[in-house]
Every structure is written in C-alpha cells, then in structure tokens.
*Asks:* 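This is the structure, below, for whatever I ask next.
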Amino acid sequence: MASNSREEEAQKMLSQLQMKMIDIQTSLKKSTGQVDGLKREIQRSKLTDKEINTLKPETPMFSPVGRMFVLHTKAEIREQIEKKIKTCEDDIKKQEASKTYLEKQMRECETQFKERLAVAGGATGGKKSRS
C-alpha cells in the first residue's frame, strides 16, 4: 500500500514536470514567432526607408494615425522609421534573453524528468511506466 502511494506520487510529479515542459515549449515557440515577426518588421521598415530615400525632400509624405493620414516631411518620416527599427531591435534582444532563459529552464526540467523517471523506474522494480 505504501509503495502504491509512492508510485502515485511519482506519477503525479512526472506529470507536473511534463506539463511544465509543455508550457516552456509553448513559450519558446511563441517567443520564436515574435522574433521572426520583429525581423520581418525591420526588413519592411528598411525597405520603406530605402524607397523614401529615392524621393525628393519636398515630396509630400503621409503617415497613418488611426483612421487618418498626417502630412510629414521626409526627415520626420525617416526619423519615425529609424525609431521603429530601434524599437524592434530592442524587442528582439529582450526576446532572445527570454528564449535563453526558457531554454535553460527546459534543460533543467528535462534533467529532473529523467532523474524522476529513473527513480520511479527503480522504485517499481523495473516496471515500465504507463506513458
């Protein structure tokens, strides 16, 4: 009876670790998607900046603000684009740091999972788990 409760406790612990690993994997995928989106946004902004550079300085340029467009100078538009690129690059750095932390957590969870699995396997007398 005592070994039965130990088995249940071990199974519970393994399932908790497994759920934690799944959560971390989901977060990693989300973070990777956000980094990819930010990289695309940087490319788009650089391409827009390149095209704007080909225009004359006195060309009227508009930027979207909600449902309307506001007239700006070429310099103002380029400044907005540069700020957008800088913001995206900063966000990428934050996401990369987050990914590094999540990857470290994932490795720790995997190690714990393997240790618990080995302990659970040894406690059950070599029986296979019901995964």
Side-chain angles (χ1 to χ4, degrees):
M1 187 153 188
S3 66
N4 211 9
S5 66
R6 285 185 195 153
E7 279 185 42
E8 289 175 11
E9 187 177 320
Q11 285 292 332
K12 185 178 178 182
M13 187 71 85
L14 286 173
S15 65
Q16 287 175 347
L17 281 171
Q18 191 174 22
M19 291 302 293
K20 187 175 180 182
M21 287 172 62
I22 290 170
D23 289 343
I24 292 170
Q25 285 175 338
T26 303
S27 297
L28 274 170
K29 287 179 184 177
K30 181 180 174 186
S31 186
T32 301
Q34 288 175 343
V35 167
D36 291 343
L38 289 167
K39 286 180 181 179
R40 281 192 300 273
E41 187 64 34
I42 289 173
Q43 280 183 318
R44 192 177 304 125
S45 295
K46 286 181 179 180
L47 181 60
T48 302
D49 191 44
K50 181 181 173 184
E51 290 300 318
I52 286 175
N53 277 334
T54 62
L55 301 173
K56 297 176 187 174
E58 63 274 359
T59 304
M61 297 183 190
F62 297 89
S63 66
V65 179
R67 292 180 159 185
M68 64 181 188
F69 291 92
V70 180
L71 181 64
H72 290 288
T73 64
K74 181 179 176 178
E76 291 171 333
I77 296 288
R78 292 202 63 220
E79 185 178 317
Q80 288 176 1
I81 291 171
E82 288 171 9
K83 283 182 185 177
K84 189 178 206 178
I85 290 171
K86 175 122 177 68
T87 302
C88 286
E89 288 172 346
D90 291 343
D91 289 346
I92 286 174
K93 287 178 186 175
K94 289 176 188 174
Q95 288 295 328
E96 291 294 339
S98 174
K99 278 177 58 174
T100 303
Y101 173 74
L102 288 170
E103 287 168 351
K104 181 181 175 186
Q105 270 192 322
M106 185 67 165
R107 284 191 300 272
E108 289 174 3
C109 277
E110 286 174 349
T111 303
Q112 287 178 354
F113 188 79
K114 288 176 185 176
E115 288 172 359
R116 298 284 181 183
L117 196 59
V119 169
T124 60
K127 293 181 182 176
K128 291 185 179 180
S129 63
R130 292 181 257 153
S131 295

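Given the structure is predicted, the values throughout are model-derived calculations rather than measurements.
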*Asks:* With the threshold set at 4.0 Å, does a side-chain nitrogen-carboxylate oxygen contact exist between D90 and K94?
*Replies:* no
*Asks:* Report the distance from atom CD1 of I81 to atom NZ of K50, rounding to the nearest 0.5 Å.
*Replies:* 13.5 Å
*Asks:* Not counting sequence neighbours, which residues clear salt bridge (charged side-chain N to carboxylate O under 4.0 Å, His left out) with K93? List them please.
*Replies:* none
*Asks:* Between E9 and K12 (salt bridge meaning N to carboxylate O under 4.0 Å), is one present in this structure?
*Replies:* no
*Asks:* Contact between T111 and E115 at the side-chain level, heavy atoms closer than 4.5 Å - yes or no?
*Replies:* yes
*Asks:* Tell me whether the count of non-hydrogen atoms from other residues, nucleotides or ligands lying under 6.0 Å of NZ in K20 goes above 12.
*Replies:* no
*Asks:* Can you name the residues that form a salt bridge (charged side-chain N to carboxylate O under 4.0 Å, His left out) with R107, not counting sequence neighbours?
*Replies:* none
*Asks:* Going by heavy atoms in the side chains, are T59 and K74 under 4.5 Å from each other?
*Replies:* no
*Asks:* With a 4.0 Å cut-off, would you call E79 and K83 a salt bridge?
*Replies:* yes
*Asks:* Do the side chains of L17 and L102 join up, straight or via other hydrophobic residues, at under 4.5 Å, putting them in one cluster?
*Replies:* yes
*Asks:* With a 4.5 Å limit on heavy-atom distance, are the side chains of I85 and D49 in contact?
*Replies:* no
*Asks:* Looking at side-chain heavy atoms only, is the closest gap between K86 and E82 below 4.5 Å?
*Replies:* no
*Asks:* By salt bridge (charged side-chain N to carboxylate O under 4.0 Å, His left out), which residues pair with K39, not counting sequence neighbours?
*Replies:* none
